[in-house]
Structures are given as structure tokens and as C-alpha cells.
Amino acid sequence: MSGGYSNSKKTDDIYEKVCGQASFAALTMSRLRCMLRGIDIRICIVLLIAIPVFMFGIYLHGQKITYFIRPLWGSPPKPFHEIPHYYNENVTMERLCHLHGWKVRESPRRVFDAVLFNNEIDILALRWNELSPYVTQFVLLESNSTFTSLPKPLLFAGNRHQFKFVEPRLTYGMIGGRFKKGENPFVEEAYQRVALDQLLRIAGIEEDDLLTMSDVDEIPSGHTINLLRWCDDIPPVIHLQLRNYLYSFEYHVDNKSWRASVHRYKPGKTRYAHYRQSDIILSDSGWHCSFCFRYVSEFIFKMKAYSHTDRVRFPHYLNPKRIQDVICKGADLFDMLPEEYTFKEIIGKMGPIPHSYSAVHLPAYLLNNAEKYKYLLPGNCRRESG
């Protein structure tokens, strides 16, 4: 017994000397032993496992975490002043203008519809057929480069024969891409929008003509444009609130699309842009159908081509089978949380978009050609491979 005790005491004395006045040769190992003295080995094992797992979780879901805590660090934009929108086909234009607080004109303004074109052939057909009775001049610019500096074919030029009904009123332009790898995609986008300003002047736009600024898939309703061209005293710049859809008109996200706008053109002042330019918005003015493509290959191209290409965080996001499954579930292609500013809205929109089986108040050309465009209608989520 005493021998055992004496040995233990001697060991303690050695630790005392090591931790206090160790020789230089034993310093490294002794410090480690001192640090570990009294620490449960199980805690060390847990930490060695937990820390890498935590870091891997941040790598996989860091973007989701950032979006979820957005209400803590982000402030919502200033609310729009929303103008009620009155319309019925059996109400006169004079009455409709009066309901909005405006006066009816003796003759309508000229209307110029200008778009940057990427690859949305079918959506462009819906747009131009919807607006054709009211537009004076269609203006389209396309490039041989995406915003992310990827080369692309001139798809509109190759399919121009499909749009003979607007040919006499079409101003078409092509701009060569700069192909600057690694540049912020929004720089190339801004470069192309400046070129569209020049194309509008070539098209003959004049002061107080109406100019619609929106992406191809942001489609103003025909009666909205007709109202604005016939009414006097409308705001110089007015945004259009559009019904927000994803993949097709089966997945109605919300009514918060606002980037489309209509301008009373001012030479030297009006600039083609895709950001907020006014505090006024006209309610229920059309449709925004985002990622509404016929072919899976078109989804892949858009994911790699548009300005938010950083959202493709992992290669498997571009897997065709995954994309098809995501479309039919109404889930998010980029596995992102909703971009909202309150926890209530974020939680309310988490998960797949509910299916809607209403095809009421959709573009007339779509319903008149339902067989051709059935993939855009409820109950038809399967896409062609392309």
C-alpha cells in the first residue's frame, strides 16, 4: 500500500516539476500533457467530430442561414404607393380613366415595347401577341454573349420568321459581347441596357411616347397598356405590379413582381433600366412567368447565363433529372429560402409552391393555343429534354 502511495506521490511531483520548471527539451510534450490534464477524452472526441460537421454544414447551408436571418440585418424597401386598377371589357375607356383619377385623351399615345432578349422564344410570342394591338413599335436587342460572358447563338435572329406579324413594326438590334471572364455579370447587363437606349432612338421614340421597360418574361396585360396610352395625367413613371409565377402558370408565387415599368419618354432623361424608378405602382397589371421554359436544356442554360449565376453553388444543381423533379414539386432550383424581410413571410413561403389549377385571366394567346403551350398550363409539369 505504502509503495503504491509513494509511487503516486512521486508521479505528482514529476507533473509539478514538468508544469512548473520543465527542461527545454521536454517543453513541447509537457505543455500538451498539462493542457490535456483534467480534460475528459470524450469531450475531445466530440469536438473533433462536431467542429468539422459544423463547418461542413455552414458550407452546405450558409446561404440558407443568411437568408433566414435576413430580418435581423436587412431592412425592407420603402413601400410603393399602390394605385387600384379598374378594368372590365364592358366599361368605356372614358369611364376607366375617370375611375383612376385621369382624363381620357382625344387620341392614344404611341407605345414602344423594348426588351433585351436571351432565349425565351415562347414567352416572347405570348408577350407580343398580348401587346400587339396596342404597340406602335417593338424594339428587341440580343447579344451573342450572356451576362456571364458565355457565348450564345442569336436565337431570335434564327427564329425571326415566327414573328412576321410584328415585322413592319420591329426594330431589331444585335450587340457583340465583350466576353470579359470574371467580371460582375451586372456590368455586362448594364452595357447591353445602354445599347438598348440607342436602339430606341433609332426606332424613332419621341417625347411623351410610352415606353415599357421589362424583361421578356414580365408581360404587361394588353388592357393595362391600352389604359395608359389613352389616359392623360398618368404619372411620368409608373411601375406595374405583376402576378408572380414560377416554371408555369400552375405555380403562383405571389403578386409582388414590381420591376416592370411604363415611362412617358423624356429625351435625354429617360434611361432603360430594370430597377426601382418610382414610388408609384399600378395593381394587378400582368404576369411575370420566371423560368417558364419548354426544354430542360433551357433551364440549364438560363441557370448558367443570367446575372445571379452565383446561385449555382454545386454542379449537381444542373442535373437534368434533378431539375425535372424540382419543377414538378414546385421547389426552388437553387435550393434557396424566400427573399423576404420578416420571419412570418419567410416561414410562410418555405417549402414547395402550392399547385394552382386556375387558368383564369391568363394571356389570351396562351389559351387560344393551349395545345402548343400546354407545358405552361396547370397539370403539365413534365418538360422535354431539348
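- Salt-bridge check for Lys152 with Glu142: passed, with a basic side-chain N closer than 4.0 Å to an acidic carboxylate O.
- A salt bridge does not link Glu207 with Arg264: none of the charged nitrogens is closer than 4.0 Å to a carboxylate oxygen.
- By the 4.0 Å N-to-carboxylate-O rule, Lys329 lies too far from Asp325 to be salt-bridged with it.
- The six-membered or imidazole ring of Phe293 lies away from that of Phe301, with a centre-to-centre distance of 6.0 Å or more.
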Notebook entry, point to check: Can Lys78 and Asp279 be said to form a salt bridge (charged side-chain N to carboxylate O under 4.0 Å, His left out), step by step?
Noted result: CA-CA 8 Å; Lys78 178 183 177 182; Asp279 292 332; 3.2 Å; yes
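- Note that the CG atom of Asn119 and the CG atom of Leu124 stand 11.0 Å from one another [nearest 0.5 Å].
- By the neighbour-count criterion of 12 heavy atoms within 6.0 Å, atom CD of Glu94 is sparsely surrounded, having that number or fewer from other residues, nucleotides or ligands.
- Within a 6.0 Å sphere centred on NE2 of His161, other residues, nucleotides and ligands contribute more than 12 heavy atoms.
- Residues His263 and Met213 approach most closely at NE2-SD, 3.3 Å, considering heavy atoms.
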Check: So Leu141 and Tyr272, side-chain contact (heavy atoms from CB on, under 4.5 Å) or not? Walk me through it.
Finding: CA-CA 12 Å; Leu141 178 71; Tyr272 195 95; over 6 Å; no
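- Ring centers of His252 and His355: at least 6.0 Å apart, outside the cut-off.
- Counting heavy atoms of neighbouring residues, nucleotides and ligands inside a 6.0 Å radius, atom OH of Tyr357 exceeds 12 of them.
- Nearest approach of Arg276 to Pro77, heavy atoms of both residues: NH1-CB, 4.2 Å.
- Ile121 and Leu155 get closest at one heavy-atom pair: CD1-O, 4.0 Å.
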Next item on the list: Walk me through it: do Arg311 and Glu339 pass the test salt bridge (charged side-chain N to carboxylate O under 4.0 Å, His left out)?
Entry: CA-CA 13 Å; Arg311 295 178 177 179; Glu339 298 182 71; 3.2 Å; yes
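- Within 6.0 Å of the NE2 atom in His98, the count of heavy atoms belonging to other residues, nucleotides or ligands does not exceed 12.
- Atom CG of Asp208 is separated from atom CZ of Arg110 by 11.0 Å, given to the nearest 0.5 angstrom.
- Heavy atoms from other residues, nucleotides or ligands lying under 6.0 Å from NZ of Lys349 number more than 12.
- Under the 6.0 Å distance and 45° angle rule, Arg127 does not count as a cation-pi partner of Phe138.
- Within a 6.0 Å sphere centred on NZ of Lys266, heavy atoms belonging to other residues, nucleotides or ligands number more than 12.
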Notebook entry, point to check: Given Phe147 and Asn118, is the side-chain contact (heavy atoms from CB on, under 4.5 Å) satisfied, shown in steps?
Noted result: CA-CA 9 Å; Phe147 294 155; Asn118 185 34; over 6 Å; no
Next item on the list: Please test Val216 against Phe117 for side-chain contact (heavy atoms from CB on, under 4.5 Å), starting from the C-alpha separation and ending with a verdict.
Entry: CA-CA 7 Å; Val216 171; Phe117 182 79; 4.2 Å; yes
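- Aromatic pair Tyr317/Phe334: centroids not less than 6.0 angstrom apart.
- A centroid separation of 6.0 Å or more is found between the aromatic rings of Trp287 and Tyr245.
- No close placement of the Phe291 and Tyr247 rings is indicated, their centers lying 6.0 Å or farther apart.
- With respect to Glu345 and Lys256, a salt bridge is recorded, a charged nitrogen being found less than 4.0 Å from a carboxylate O.
- In summary, the side chains of Ser257 and His288 do present a donor paired with an acceptor at a separation below 3.5 Å, with no hydrogens or angles considered.
- When each of Arg178, Lys180, Arg193 is checked for a salt bridge (Lys or Arg N to Asp or Glu O under 4.0 Å) with Glu188, only Arg178 meets the rule.
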Margin query: Run the salt bridge (charged side-chain N to carboxylate O under 4.0 Å, His left out) test on Asp232 and Arg105 for me, step by step, so that the C-alpha distance in whole Å, both residues' side-chain angles and the decisive distance to 0.1 Å come before the verdict.
Written below: CA-CA 6 Å; Asp232 245 342; Arg105 295 167 55 90; 3.3 Å; yes
